[in-house]
Amino acid sequence: LELLNFNGLMAVYAALNLQVVQRLKATWRDVPERYLKKLEPMEHLMNQRANFKNYRKALETAEPPFIPFQGTTPPASLASARLLRSPTATPTLRSFLLGDLTGLENMPDKTESGAINFQKMVAIGRALKMLQDCQLSRYNLWEIEPIMDFLVHDILVLGEEELYKLSKHCELMRKPL
């Protein structure tokens with residue numbers, strides 16, 4: 001949250017909400033309350049209610065550097081599509097870059113009268129401007145070699161089947177005999 005890395009935050013939020021993680025009832029019961037409390041701000045911010053209203057509101061006030069969530073899900077709702085068509089829409093409303101840009105691309109290039117759909121072009125321009133602003137801003141961070149090595153070379157990525165087997169094994173190991 002401190003770094004405003006919304007893309008990374010969504011990755012963590014999504015991972016914690018995977019079925020294989022949520023099914024770890026015995027494990028979750030043993031997590032101290034103080035740690036569960038630390039998850040509440042993330043849950044509040046990245047919750048899907050009202051088309052990610054809290055996240056979109058956070059983006060309205062975010063100052064670069066920040067990393068917006070770039071995923072295609074959830075697709076832009078009809079309400080956000082109307083906002084994106086509005087000439088007064090702010091660029092930070094385009095928080096799901098790929099999904100929202102896809103929604104804009106599906107809008108007609110011309111109006112019913114045959115004129116260029118300037119609202120669509122302005123909305124695309126604003127979304128791309130926000131993305132460019134994010135790309136041009138820099139974080140002032142130090143590279144930590146062991147962490148970089150792990151992330152680049154050693155990180156283990158498991159498929160759903162492997163995750164389910166591990167999840168099941170963890171729960172079996174936690175049950176008292």
Intermediate values then yes/no, side chain to side chain contact (heavy atoms under 4.5 Å, CB included), N54 and H44: CA-CA 7 Å; N54 296 331; H44 175 76; 3.3 Å; yes
Between [atom1] of [X] and [atom2] of [Y], what distance do you get to the nearest 0.5 Å?
| X | Y | atom1 | atom2 | answer |
| --- | --- | --- | --- | --- |
| N47 | M42 | CG | CE | 11.5 Å |
| R29 | T27 | CZ | OG1 | 8.5 Å |
| Q19 | S167 | CD | OG | 7.0 Å |
| R56 | E60 | CZ | CD | 10.0 Å |
| D149 | E143 | CG | CD | 8.5 Å |

[X] versus [Y], closest heavy-atom pair with distance:
| X | Y | answer |
| --- | --- | --- |
| L151 | I155 | O-CG2, 3.7 Å |
| P64 | D133 | CB-O, 4.4 Å |
| V21 | A15 | CG2-O, 3.3 Å |
| M46 | F52 | O-CE2, 2.9 Å |
| S137 | P65 | OG-CA, 3.3 Å |
| R23 | E171 | O-OE1, 3.7 Å |

Are any of the side-chain heavy atoms of [X] and [Y] separated by less than 4.5 Å?
| X | Y | answer |
| --- | --- | --- |
| V20 | E160 | no |
| N5 | N7 | yes |
| F6 | L59 | yes |
| M148 | H153 | no |
| L101 | E105 | no |
| W28 | Q22 | yes |
| M130 | F66 | yes |
| Y139 | I67 | yes |

Same cluster (ILVMFWY, side-chain, under 4.5 Å), I144 and L141: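 Different clusters.
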hydrophobic_cluster_shared for I147 and L156, side chain cutoff 4.5 Å: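 As far as the 4.5 Å side-chain criterion goes, I147 and L156 are not connected within one cluster.
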Ion pair E161/K165, N-O distance below 4.0 Å: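 Salt bridge flag = yes for K165 with E161.
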Side chain to side chain contact (heavy atoms under 4.5 Å, CB included) between L4 and L9, intermediate numbers included: CA-CA 8 Å; L4 300 178; L9 187 63; over 6 Å; no
Worked check of side chain to side chain contact (heavy atoms under 4.5 Å, CB included) between H169 and Y164: CA-CA 8 Å; H169 178 74; Y164 179 79; over 6 Å; no
Test item: N117 side-chain N/O and P108 main-chain N/O as donor-acceptor pair under 3.5 Å: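 Yes, the answer is positive, given that a donor and an acceptor are paired below the 3.5 Å cut-off.
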Polar side-chain atom of Y13 near backbone of L39 as donor-acceptor pair, under 3.5 Å: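 Judged by distance alone, no pair lies under 3.5 Å.
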L158/L163 under side chain to side chain contact (heavy atoms under 4.5 Å, CB included): CA gap, chis, key distance, verdict: CA-CA 6 Å; L158 299 174; L163 287 172; 3.9 Å; yes
CD (E33) with more than 12 external heavy atoms under 6.0 Å: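 Enclosed: over 12 neighbouring heavy atoms sit under 6.0 Å from CD of E33.
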Under 4.5 Å side-chain linkage, directly or through intermediates, the cluster mates of I116: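 Hydrophobic cluster check, I116: joined to F118, M121.
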Side chain to side chain contact (heavy atoms under 4.5 Å, CB included) partners for P41, two or more places apart: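 Once residues adjacent in sequence are excluded, the partners of P41 under the side chain to side chain contact (heavy atoms under 4.5 Å, CB included) criterion are L1.
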